[in-house]
Amino acid sequence: MDHFLYRDGVLHAEDVPLPEIARGVGTPAYVYSSATLLRHYRLFDEALDWGPHLVCYAVKAASNVAILKLLGDAGAGMDVVSEGEYRRARAAGVPGDRIVFSGVGKTEAEMRHVVAGGVRQINLESEPEMRLLSKIAAEMGATIPVTVRVNPDVDAKTHEKIATGKSENKFGIPIARARDVYAEIAALPGLQVVGIDVHIGSQLTDLDPFRQAYRKVAELTEALRADGHTISRLDLGGGLGIPYARSNLAPPVPFEYGQVIRDEVGHLGCEIEIEPGRLIAGNAGVLLAANIFVKEGEGRDFLILDAAMNDLIRPSMYGAHHDIVPVTEPAPGIETRAYDIVGPVCESGDTFAKGRQMPPVAAGALVAFRSAGAYGSVMASEYNSRPLIPEVLVDGDQYAVIRARPTFDEMISRDTIPEWLDRS
Ligand code: LLP
């Protein structure tokens, strides 16, 4: 459930009509609902309330500091994968002991920054990485809680670009090698084994792959304990999918996911960490855009929006579906037409949908892309020199710009002309 509903014929974000935001901020813009973000975080929190746990929001999904502050103040931990994300979480006031540092290629500089700033745990993904962290931690006089991300070789049954738990993927250490790796860590200075980490992919709509992966983690927990390691924490990753089309069969909900976790690893007495991103932020945000022109093509009509692939890359990158709805509620029974919905960027890949049935959309009309809160704004670029678009947070009947639209001058002034060209 989200808080983007038609009221009096107009799509609202909570109690704010979207046309009001369009007038105040311009389009395109990302608009997030605080109530939806909090609701989704709490669903996970409650799904795990059978035992000690921490829900670590995957910052990569939507990383605006205001969003992190909202979730952090509600008690969320954070899963970060770069120094930039770590700094964002800290800027939002999240203490180091609620921040988990994940990622397949952490640099020495990043590790030093995070060790100095304080961290709940670092999830290690390779032997070279653990040796480097050991050296850094020992030099800095720190002892860092660590887990090893294991690759359980489970098919997550999701899009190939976002599956991470098969042996051919770059992530984690093959689970068969885990006991040797833990033995090496135990002998290294500066590292303290606290648990095991696993993350098998994103947008999973079936619980079975989670079940298989968590069963393997449970077996490994017993084996590592028998080897003498303290395994008191299990980081079970993110990945629970969301409904992108209203017509979809609803994927499993956090409560059911929490029960799978309980079934598979509940008996081990470990503190559970999870790292959901998409389910918290995805349906908590829309991309608000305006239709610039309706263009009649050969046997098809195009809606040419002011939003483009640089603002929301998911359709062109993954062939992802986003529901695109008119902000003015269509009259009941109105006949729909098929549109190709595109942006102004100069490539054919800048297509959001082909042959999409929509009520007639006039030039100037507003539309909203649903489910755009996760992996939307964070994956945007300035391709075609289109400045990044603003982000807006709604809370009840108030809204605030949480990232302003840069001016053209701000965008251009980041470039510098070298002295040898500047002969004027
Ligand atoms: N933890 C780790 C280690 C991850 O790599 C990810 C996502 C998550 C947690 C959060 O997963 P979630 O709950 O959001 O599924 N850009 C793609 C999604 C990439 C996901 C990358 N890792 C998309 O737009 O579909």
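Counting convention: from 1, in listed order, for ligands and their atoms alike.
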Asks: Carefully, step by step, assess Asn123 and Glu275 under the rule side chain to side chain contact (heavy atoms under 4.5 Å, CB included).
Replies: CA-CA 12 Å; Asn123 294 336; Glu275 303 169 348; 3.5 Å; yes
Asks: Heavy-atom contact under 4.0 Å between Arg149 and ligand 1?
Replies: yes
Asks: Could you measure the distance from the CD atom of Glu129 to the CZ atom of Arg149? Nearest 0.5 Å is fine.
Replies: 11.0 Å
Asks: Any heavy atom of His159 sitting closer than 4.0 Å to ligand 1?
Replies: no
Asks: Could you tell me, atom by atom, which parts of ligand 1 come under 4.0 Å of a heavy atom of Gly238?
Replies: 9 (C), 13 (O)
Asks: Say you draw a straight line from CG of Asp79 to SG of Cys56; how long is it, rounded to the nearest 0.5 Å?
Replies: 6.5 Å
Asks: Among all protein heavy atoms, pick out the one at the shortest distance from atom 8 (C) of ligand 1; state its residue, atom name and that distance to 0.1 Å.
Replies: His199 CE1, 3.4 Å
Asks: Quick check: does Ser102 get an N/O under 3.5 Å from an N/O on ligand 1?
Replies: no
Asks: Hey, which atoms in ligand 1 end up nearer than 4.0 Å to a heavy atom of Arg278?
Replies: 12 (P), 13 (O), 14 (O), 18 (C), 23 (C), 25 (O)
Asks: Would you call Ile162 a ligand 1 contact, heavy-atom distance under 4.0 Å?
Replies: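 So Ile162 counts as touching ligand 1.
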Asks: Looking at atom 20 (C) of ligand 1, what's its closest protein heavy atom, distance included?
Replies: Tyr375 OH, 3.6 Å
Asks: Decide whether the shortest distance between a heavy atom of Ala61 and an atom of ligand 1 is less than 4.0 Å.
Replies: no
Asks: Is ligand 1 under 4.0 Å from a heavy atom in the side chain of Leu204, in the backbone, in both, or in neither?
Replies: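 The answer is neither.
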Asks: Mark up the atoms of ligand 1 that fall under 4.0 Å of a heavy atom belonging to Met379, in ascending order.
Replies: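 So the atoms of ligand 1 that pass are 16 (N).
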Asks: Can you check side chain to side chain contact (heavy atoms under 4.5 Å, CB included) on Asp235 and His199, steps first, answer last?
Replies: CA-CA 8 Å; Asp235 180 340; His199 170 79; over 6 Å; no
Asks: Can you tell me the protein heavy atom closest to atom 15 (O) of ligand 1 and the distance?
Replies: Ser202 OG, 2.4 Å
Asks: List the steps and the verdict of side chain to side chain contact (heavy atoms under 4.5 Å, CB included) for Leu236 and Glu273.
Replies: CA-CA 6 Å; Leu236 300 175; Glu273 294 167 346; over 6 Å; no
Asks: Could you list which atoms of ligand 1 come closer than 4.0 Å to a heavy atom of Arg314?
Replies: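 Listed by number with element: 23 (C), 24 (O), 25 (O).
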Asks: In the protein, which heavy atom is nearest to atom 17 (C) of ligand 1, and how far is it?
Replies: Tyr318 OH, 3.1 Å
Asks: Donor-acceptor check, side chain of Tyr6 to backbone of Pro330, threshold 3.5 angstrom: yes or no?
Replies: no
Asks: Hey, does the side chain of Lys157 reach the backbone of Thr205 with a donor-acceptor pair shorter than 3.5 angstrom?
Replies: no
Asks: Going by the order shown, which atoms of ligand 1 are within less than 4.0 Å of some heavy atom of Gly277?
Replies: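 What qualifies from ligand 1 is 12 (P), 13 (O), 14 (O).
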Asks: Would you call Ser82 and Val59 a side-chain contact if the rule is heavy atoms closer than 4.5 Å?
Replies: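 In short, these two side chains do not touch, never coming nearer than 4.5 Å.
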Asks: Could you list the atoms of ligand 1 found under 4.0 angstrom from a heavy atom of Glu275?
Replies: 1 (N), 2 (C), 3 (C), 8 (C), 9 (C), 10 (C), 13 (O)
Asks: Are the side chain of Tyr214 and the backbone of Arg262 linked by a donor-acceptor contact shorter than 3.5 Å?
Replies: no
Asks: Please identify which of these residues, Lys354, Arg356, Arg300, Lys295, meets the side chain to side chain donor-acceptor pair (under 3.5 Å) condition with Asp340.
Replies: Arg300
Asks: What is the distance from atom CD1 of Ile341 to atom CD1 of Ile304, rounded to the nearest 0.5 Å?
Replies: 12.0 Å
Asks: Mark up the atoms of ligand 1 that fall under 4.0 Å of a heavy atom belonging to Pro276, in ascending order.
Replies: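 Those atoms are 13 (O).
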Asks: For atom 11 (O) of ligand 1, which candidate among Gly239, Ala58, Cys56 provides the closest heavy atom?
Replies: Gly239
Asks: Which part of Lys161 is near ligand 1, with near meaning a heavy atom under 4.0 Å away: side chain, backbone, both or neither?
Replies: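 No part of Lys161 is near ligand 1 at this cut-off.
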Asks: Taking atom CZ of Arg314 and atom OH of Tyr375, what is their separation to the nearest 0.5 Å?
Replies: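 Between Arg314 CZ and Tyr375 OH, I get 9.0 Å after rounding to 0.5 Å.
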